Amino acid sequence: MLDPKLVRSAPEAVAQQLLKKHYKLDVARLVALEEKRKSLQVTTEQLQSERNSGSKEFGKIKSQGGDVSALKERMDQVNAELKANEQALVELQDELHTMLLDVPNLPHDSVPEGQDENDNVLVRSWGEPRTFDFDVKDHVDLGEAFGLDFEAATRICGARFAMLRGKIARLHRALAQFMLDVQTTEHGYEEVITPLLVHDTALYGTGQLPKFGEDLFKTSCDSDAEQEQKQFYLIPTAEVTLTNLVRDQILAVEQLPMRLTAHTACFRSEAGSYGRDTRGLIRQHQFEKVEMVQIVHPDKSWEALEEMTGHAEAILQKLGLPYRVMALCGGDMGFGAAKTYDLEVWLPAQNQYREISSVSNCADFQARRMMARFRNESGKPELVHTLNGSGLAVGRTLVAVLENYQDADGHIRVPDVLQPYMGGIRVL
RNA sequence: GGAGGGAUGGCUGAGCGGUUGAAAGCACCGGUCUUGAAAACCGGCGAGGGUUAAUAGCCCUUCCAGGGUUCGAAUCCCUGUCCCUCCGCCA
């Protein structure tokens with residue numbers, strides 16, 4: 001959420017910046033609501049003050065045995081007026097809050113202008129796409145021989161699921177283990193096992209709700225369908241649980257930066273992506289990801305963004321997978337991000353780079369939603385900055401390994417760094 | 001699932017329906033003392049919001065959450081959530 005004070009004091013400037021993200025802020029409506037809010041809040045608080053002092057007086061008079069009937073009459077009047085004002089104020093504040101919850105984060109000055117992924121800007125690339133002297137196969141054809149089974153998964157739970165068996169299951173596990181080991185031992189992240197089911201409050205905190213509910217899976221038990229409290233959402237990313245670790249906290253400055261990583265399953269409904277990436281592992285309802293989250297001092301978040309991008313890159317480099325780093329343009333950026341780098345890995349069968357990691361600085365946007373703060377140098381609570389990034393999406397990395405390490409007869413060489421995890425299997 | 005007990009400031013922990021945003025202790029910050037530190041003593045110390053040029057004043061809100069009673073609720077009533085103890089069940 002944006003700082004209400006900022007939005008209030010400079011609505012035009014904020015609206016201008018939001019245009020970069022292709023969001024149109026309804027300034028007229030905002031200003032009108034804000035004007036009403038101000039007068040309503042002031043009078044409500046005045047009435048509250050009157051009620052408080054009146055009640056004190058009431059007690060005093062009564063203890064001296066005086067007559068309170070005149071005062072009671074006045075208080076009844078104040079209370080009636082107060083009740084109406086309070087209700088109107090709550091409604092108005094709800095309206096303003098709802099409006100603000102819908103507004104995306106402001107993009108950083110360095111974010112390029114643009115409409116969609118075609119306008120993203122190449123920052124750097126690493127590695128040379130391998131040239132093949134045979135016709136490359138894609139991961140679906142390659143994986144079949146080693147236990148990648150879409151047909152069985154579809155029979156059980158429909159489209160966008162996969163079963164991995166035998167060697168390919170092991171390779172998938174090796175990748176996740178490897179990523180986790182690198183992030184914990186080389187980059188200083190603390191490993192966390194998190195819940196996969198969360199309440200809506202957590203999702204409001206990181207910004208998936210209220211706007212993007214249709215992308216999420218929600219549980220519903222027949223027995224308690226009536227009780228909203230018992231509804232759970234399946235996490236679309238461990239960003240949700242890791243970042244919410246600091247919700248409602250006031251951290252000591254020494255606790256920063258916090259670096260957290262988790263290997264979890266992620267669940268996405270992929271509503272609105274019908275027909276896209278229907279083949280293979282690229283876009284699934286359930287996939288695994290090693291997520292990185294950093295909770296940092298506000299002065300350090302831009303530095304941390306660069307560093308964290310490097311943490312994701314390290315995995316690709318160690319695996320020897322060619323990739324490029326893209327700075328997302330305003331139109332392609334996510335809701336909560338102030339700036340995002342995507343890592344795109346080379347997929348020979350598609351003959352193109354595909355997203356495999358996304359690293360974002362959310363600045364104080366999420367922190368404000370979940371009241372995640374630290375005690376600053378002058379002893380005052382101040383919002384932290386939050387960052388998140390994939391390090392990496394395991395399924396997509398598996399795709400990249402299969403396709404980049406294939407040979408002419410359909411075997412896959414296991415990358416060196418994974419061999420310690422493969423129990424002696426050097427080639428699939 | 002059954003029976004009880006509880007939820008108060010960073011922590012521990014008091015709190016008759018009115019002067020309690022809340023005792024006390026610890027922690028923390030400042031000062032005196034000290035070569036320095038500790039101890040001792042003195043002082044300060046929750047958070048959110050409004051108004052405002054203001055990080056100055058003033059005001060409002062806040063004692064798990066949501067309702068209710070009352071002129072007035074941390075204190076009374078209802079509902080929910082979470083935690084603890086005991087019994088049962090169970091990976």
Side-chain angles (χ1 to χ4, degrees), chain A residues 1-10 30-31 33-101 193 195-202 204-205 219 221 223-233 244-256 258 298-299 364 367-384:
Chain A
M1 196 163 74
L2 299 181
D3 183 354
K5 283 183 189 163
L6 175 71
V7 178
R8 206 182 284 164
S9 62
L30 187 102
V31 170
L33 285 177
E34 174 51 26
E35 213 168 289
K36 261 199 267 177
R37 187 232 98 222
K38 187 163 169 173
S39 71
L40 206 48
Q41 183 159 1
V42 168
T43 58
T44 299
E45 290 186 0
Q46 264 167 9
L47 287 165
Q48 284 173 327
S49 178
E50 239 177 282
R51 180 201 56 196
N52 291 344
S53 56
S55 294
K56 271 183 193 165
E57 206 184 323
F58 194 102
K60 212 179 283 174
I61 294 173
K62 229 180 164 191
S63 70
Q64 292 167 357
D67 177 22
V68 291
S69 57
L71 180 56
K72 167 133 170 56
E73 205 168 302
R74 208 186 88 214
M75 293 311 290
D76 285 345
Q77 211 174 345
V78 168
N79 274 331
E81 214 177 317
L82 178 59
K83 199 174 173 188
N85 268 277
E86 265 177 342
Q87 200 187 335
L89 180 63
V90 166
E91 279 166 19
L92 197 63
Q93 274 175 333
D94 267 4
E95 200 175 342
L96 268 166
H97 191 238
T98 305
M99 195 174 168
L100 269 182
L101 277 179
I193 295 201
L196 304 179
L197 299 175
V198 295
H199 281 155
D200 59 355
T201 47
Y204 275 96
T219 62
C221 308
S223 57
D224 53 38
E226 301 289 315
Q227 299 168 335
E228 186 61 27
Q229 301 277 17
K230 295 218 169 158
Q231 294 278 295
F232 288 110
Y233 288 85
N244 273 281
L245 211 53
V246 294
R247 103 171 283 116
D248 292 324
Q249 300 286 304
I250 302 180
L251 304 166
V253 71
E254 303 82 56
Q255 290 177 268
L256 304 177
M258 282 176 67
D299 294 346
D364 63 8
R368 185 172 292 106
R369 286 174 164 241
M370 52 190 190
M371 289 302 272
R373 295 166 294 169
F374 74 105
R375 211 166 279 287
N376 68 17
E377 292 70 7
S378 57
K380 289 287 168 204
E382 185 179 336
L383 296 170
V384 295

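In what follows, every chain begins at residue 1, and chains take the letters A, B, ... in the order their sequences are listed. Not measured: the values here are computed from a predicted model. What you see below is based on every heavy atom in this structure, not just the backbone, and it leaves out hydrogens, waters and symmetry mates.
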Could you go step by step and tell me if Thr98(A) and Glu95(A) meet the side-chain contact (heavy atoms from CB on, under 4.5 Å) rule?
CA-CA 5 Å; Thr98(A) 305; Glu95(A) 200 175 342; 5.8 Å; no

Before giving the answer on side-chain contact (heavy atoms from CB on, under 4.5 Å), spell out for Leu33(A) and Arg37(A) the whole-Å C-alpha distance, their side-chain angles and the decisive distance to 0.1 Å.
CA-CA 6 Å; Leu33(A) 285 177; Arg37(A) 187 232 98 222; over 6 Å; no

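Across the interface with RNA chain B, nearest-nucleotide mapping of Pro381(A) and Arg37(A) shows Pro381(A) to be the residue nearer the 5′ end. Of the two residues contacting RNA chain B, namely Gln41(A) and Arg375(A), the nearest-nucleotide position lying further toward the 5' end is that of Arg375(A).
Shown here, U69(B) forms no base pair; nothing in the strands shown gives a Watson-Crick or G-U wobble contact with both key distances under 3.5 Å. Applying the Watson-Crick and G-U wobble criteria (two distances, each under 3.5 Å), G21(B) pairs with nothing in any strand. With both pairing distances under 3.5 Å, C82(B) is matched to G6(B) as a Watson-Crick or G-U wobble pair. Under the Watson-Crick or G-U wobble criterion, with both distances below 3.5 Å, C41(B) is paired with G31(B).
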Quick test: give all pairs of protein nitrogen or oxygen and nucleotides 59-63 of chain B nitrogen or oxygen below 3.5 Å, distance rounded to 0.1 Å.
from   : atom 1 : to       : atom 2 : distance (Å)
C59(B) : O3'    : Ser49(A) : OG     : 3.4
C60(B) : OP1    : Asn52(A) : ND2    : 3.3
C60(B) : O3'    : Gln48(A) : OE1    : 3.2
C60(B) : O2'    : Gln48(A) : OE1    : 2.5
U61(B) : OP1    : Arg51(A) : NH2    : 2.6
U61(B) : OP2    : Asn52(A) : ND2    : 3.2

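Rounded to an integer number of Å, the gap from Asn376(A) CG to A47(B) P is 11 Å. As a whole-Å value, the separation of Phe374(A) CZ from G46(B) P is 19 Å.
Residue Gln77(A) qualifies as open at atom CD: its count of foreign heavy atoms under 6.0 Å is 12 or below. Heavy-atom contacts from other residues, nucleotides or ligands closer than 6.0 Å to CD of Gln93(A) number more than 12.
Lys38(A) comes within 4.0 angstrom of sugar-phosphate atoms only, judged by non-hydrogen atoms across all strands, and of no base.
Scanning residues 69-89 of chain A for heavy-atom distances under 4.0 Å to RNA chain B yields Lys72(A), Met75(A), Asp76(A), Asn79(A).
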